[in-house]
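Comments concern the structure below.
A, B, ... follow the sequence lines: proteins, then strands. Residue 1 opens every chain. Values reported hereafter were calculated over all heavy atoms of this structure, with side chains retained and with hydrogens, waters and symmetry mates removed.
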2 protein chains.
Amino acid sequence: MFAPIYLDHNATTPLDPAVLAAMMPWLEGQCGNASSRHEYGRRSRLAIDEARQRVAAAVNAHPTEVVFTSGGSESNNLFLKGAAGSLKPGVLAVSAVEHPCILKPAAQLARQGWTPRIVAVDPAGRVKTEDYAEAVAAKPRLISIMLANNETGTVQDIPVLASAARGCGAWFHTDAVQALGKLALDFRQFNAAGVHAMTLSAHKAYGPKGAAALVLDKRVELQPLIAGGGHERGLRSGTENVPAIVGFGIAAELAAQRAAELPERLLRLRQRLEQGLAALGATIFGVAAERLANTSYFAFRDIDGETLVGKLDREGFAVASGAACSSANPEPSHVLQAMGVAPEIGRGAVRVSLGAANSETEIDQFINALQVTVGRLQGLTAVAV
Amino acid sequence: MFAPIYLDHNATTPLDPAVLAAMMPWLEGQCGNASSRHEYGRRSRLAIDEARQRVAAAVNAHPTEVVFTSGGSESNNLFLKGAAGSLKPGVLAVSAVEHPCILKPAAQLARQGWTPRIVAVDPAGRVKTEDYAEAVAAKPRLISIMLANNETGTVQDIPVLASAARGCGAWFHTDAVQALGKLALDFRQFNAAGVHAMTLSAHKAYGPKGAAALVLDKRVELQPLIAGGGHERGLRSGTENVPAIVGFGIAAELAAQRAAELPERLLRLRQRLEQGLAALGATIFGVAAERLANTSYFAFRDIDGETLVGKLDREGFAVASGAACSSANPEPSHVLQAMGVAPEIGRGAVRVSLGAANSETEIDQFINALQVTVGRLQGLTAVAV
């Protein structure tokens, strides 16, 4: 079977074998409904409690602060709409580089009387201090700024941003989906700085699809998106996905361990990659900012990103153009637009996101393939390196 | 390991081995993000498309009418809140025996200007014709009546109810979560009668937790609960749970096959069970109505249901008291209250819900255990059978 080299870990990651091993008993055996008052139900409840402890420990939160959901998009929607549902409409501040699952709910809330305030970013993708200060001065009731961007990998200084908003009375949320396993996460420290909620997702960190969390300061009142049987302290009803939640617990634990060593190794791989990219004449986005160690986002002048991704796919390399989540709708990346990247450059954007299994050899193979492909696309028989 | 006999299939079912086998390649291998434009992404997209075709075929719907969600509770919330979000507030008619994931969203909508109209049921749990006619006369904009009740198994005549509402201009939804694999489902036929949406869930039909659907007439405009990357035609954003969706496809296919023979076999088992229950003096709920063949809901005078479930659990039988989904909140069943069952009887309610693997021997063992347990609880040394 054709098995391209996988360089798209910000889109999704393979299951860690230890995660799958932990899930298997819950897939193979009788897996009860965790609300049932019999042996199978109790076993499932205990497994969920244990997973909740693991996820909490991985990000230094209290287990009762962890609300399980089905995915990062759900967690982000739950925070924004759920908190908005408990407040009077007002200003809602989000950065211009948020994921669509923050920007779209913000647009939905605009139709319910809220006033979205889109905070500008600098050319490296960092929230602009002055514009953020102005947004805070507008007394927002809700603020959501992502910790690390899925496209560029740009990391925001969340404690500083949350601290700056302390006086304004807003609930401050951060989408940390891309950060789990790539940065050390400490919700207690975040919370002390003024962060009230944080989104995590299992499948971005070698865990299963279908499990995620909203880590939530219990002072924040939320209306559930999914109301019903009262699961997850009434914040998210529905039969718990026991196998996926168990897998998330193990994945979170591994992610916390991994955050201590993996980024350093991936950083070396990325340096090797970006030396190659620079030699080929690529523009690399966000280099002036702190970035996730695994992410490199770049473009070649006059080469369409979609086309390059397609050619590389046929050569055996799985990479992304723009954010995978919006690839169904091929528009120029809103992230690059917000960074002020010219459209003729932005249209060329290709993202490589490295993972635990990638090697130096794979990077070298990728650069070689890129050299040939870019050369062909630029109509040259050879490119000087 | 202590492995009680499982008689709680309306709470959740074990994975069919064929379902798990179909899921495994997506758990063990590199499972891409279905939005990614590379080999792994395309394979995932194809797997989802195929699963959508299987689910659609199983209920005689068109694949484009199938919206995948994370669970039945989400599908029900998506229909009610999503449709309400596209309409002016008005009357919303639901039966008194709906699952909490219909009743709670209805209560949330009441705070947004909607007027819930709770339709009464008769002593067997069937929607009362006169009261339904009055509700329809109130010109509801939304109607939701479940196909088969999770507690009693009572089946509503959905085509008749939908037909009766045709003139009123409402969107008509039915929660068919408990029906998949237990009744033959034909969305085309339902749709012709005036049903516009139907909820299905995989884990109630030997499929995985974490996958479900809202089957939806495309004339119904819905606001997404989870907005973002635009997945599922913009109705449900979030990275698709590929393994679970693949499993749902196979489970739905098996459910459609099973609906032709399993109910008959389970009906014979239930007759055996209910002969034993009657001999022990149990009251059996809903017997005057058409019921799901697998479900028996009963009570013994002066015996608390929770207590009986606990004793039976220790004897090695996994059964439910009231609905598992609300067992975290032990109140008398709202279903039995709506049926006019006296509280002193309703508090004794215990549900047995049979599944594909149950046998006559297990029924006989259960009745024997029940005889002993009930005898003890009634303070007798023996119960005449």
Side-chain angles (χ1 to χ4, degrees), chain A residues 2-4 6 8 11-12 14-15 20 27-28 30-33 35-41 70-74 76-77 99-101 104-105 108 203 208-210 223 225-231 237-244 306 309-310 313 318-321 324-329, chain B residues 2-4 6 8 11-12 14-15 20 27-28 30-33 35-41 70-74 76-77 99-101 104-105 108 203 208-210 223 225-231 237-244 306 309-310 313 318-321 324-329:
Chain A
F2 180 57
Y6 193 71
D8 195 13
T12 194
L15 273 182
L20 181 56
L27 292 166
E28 285 176 328
Q30 173 57 52
C31 170
N33 185 314
S35 298
S36 295
R37 301 196 159 190
H38 49 60
E39 181 70 10
Y40 302 107
S70 74
S73 292
E74 184 186 335
N76 283 348
N77 275 262
H99 192 275
C101 66
K104 292 274 181 73
Q108 287 182 307
H203 83 96
K209 296 175 174 70
Q223 296 302 315
L225 279 187
I226 305 177
H231 309 75
S237 290
T239 302
E240 294 94 337
N241 187 345
V242 184
E306 292 285 327
V309 166
D313 176 48
V319 301
S321 66
C325 291
S326 58
S327 290
N329 188 14
Chain B
F2 180 57
Y6 192 72
D8 195 13
T12 192
L15 272 184
L20 180 56
L27 292 165
E28 285 176 328
Q30 172 59 50
C31 171
N33 185 315
S35 297
S36 295
R37 301 193 161 195
H38 50 60
E39 181 70 10
Y40 301 108
S70 74
S73 292
E74 184 186 335
N76 283 348
N77 275 262
H99 191 276
C101 65
K104 293 275 180 70
Q108 287 182 308
H203 83 97
K209 295 174 174 72
Q223 296 302 314
L225 280 186
I226 306 177
H231 308 76
S237 290
T239 302
E240 293 94 337
N241 186 345
V242 185
E306 291 285 328
V309 166
D313 176 48
V319 300
S321 67
C325 292
S326 57
S327 290
N329 187 13

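Heavy-atom pairs under 4.5 Å with chain A peak, among B/Ala244, B/Gly71, B/Gly72, B/Ala318, at B/Ala318. Note on B/Leu15, B/Leu225, B/Asn76: by heavy-atom pairs under 4.5 Å with chain A, the leading option is B/Leu225.
A donor-acceptor pair under 3.5 Å links the side-chain atoms of B/Lys209 to the main chain of A/Cys31, judged by distance alone. Side chain of A/Asn77 to backbone of B/Ala227: a donor-acceptor contact under 3.5 angstrom is found.
Both the backbone and the side chain of B/Glu28 come within less than 4.5 Å of a heavy atom in chain A. For B/Glu74, the parts lying under 4.5 angstrom from a heavy atom of chain A are both the backbone and the side chain.
Side-chain contact check for A/Val319 versus A/Asp8: every heavy-atom pair is 4.5 Å or farther apart. With contacts defined as side-chain heavy-atom distances shorter than 4.5 Å, the pair A/His231/A/Ser35 qualifies.
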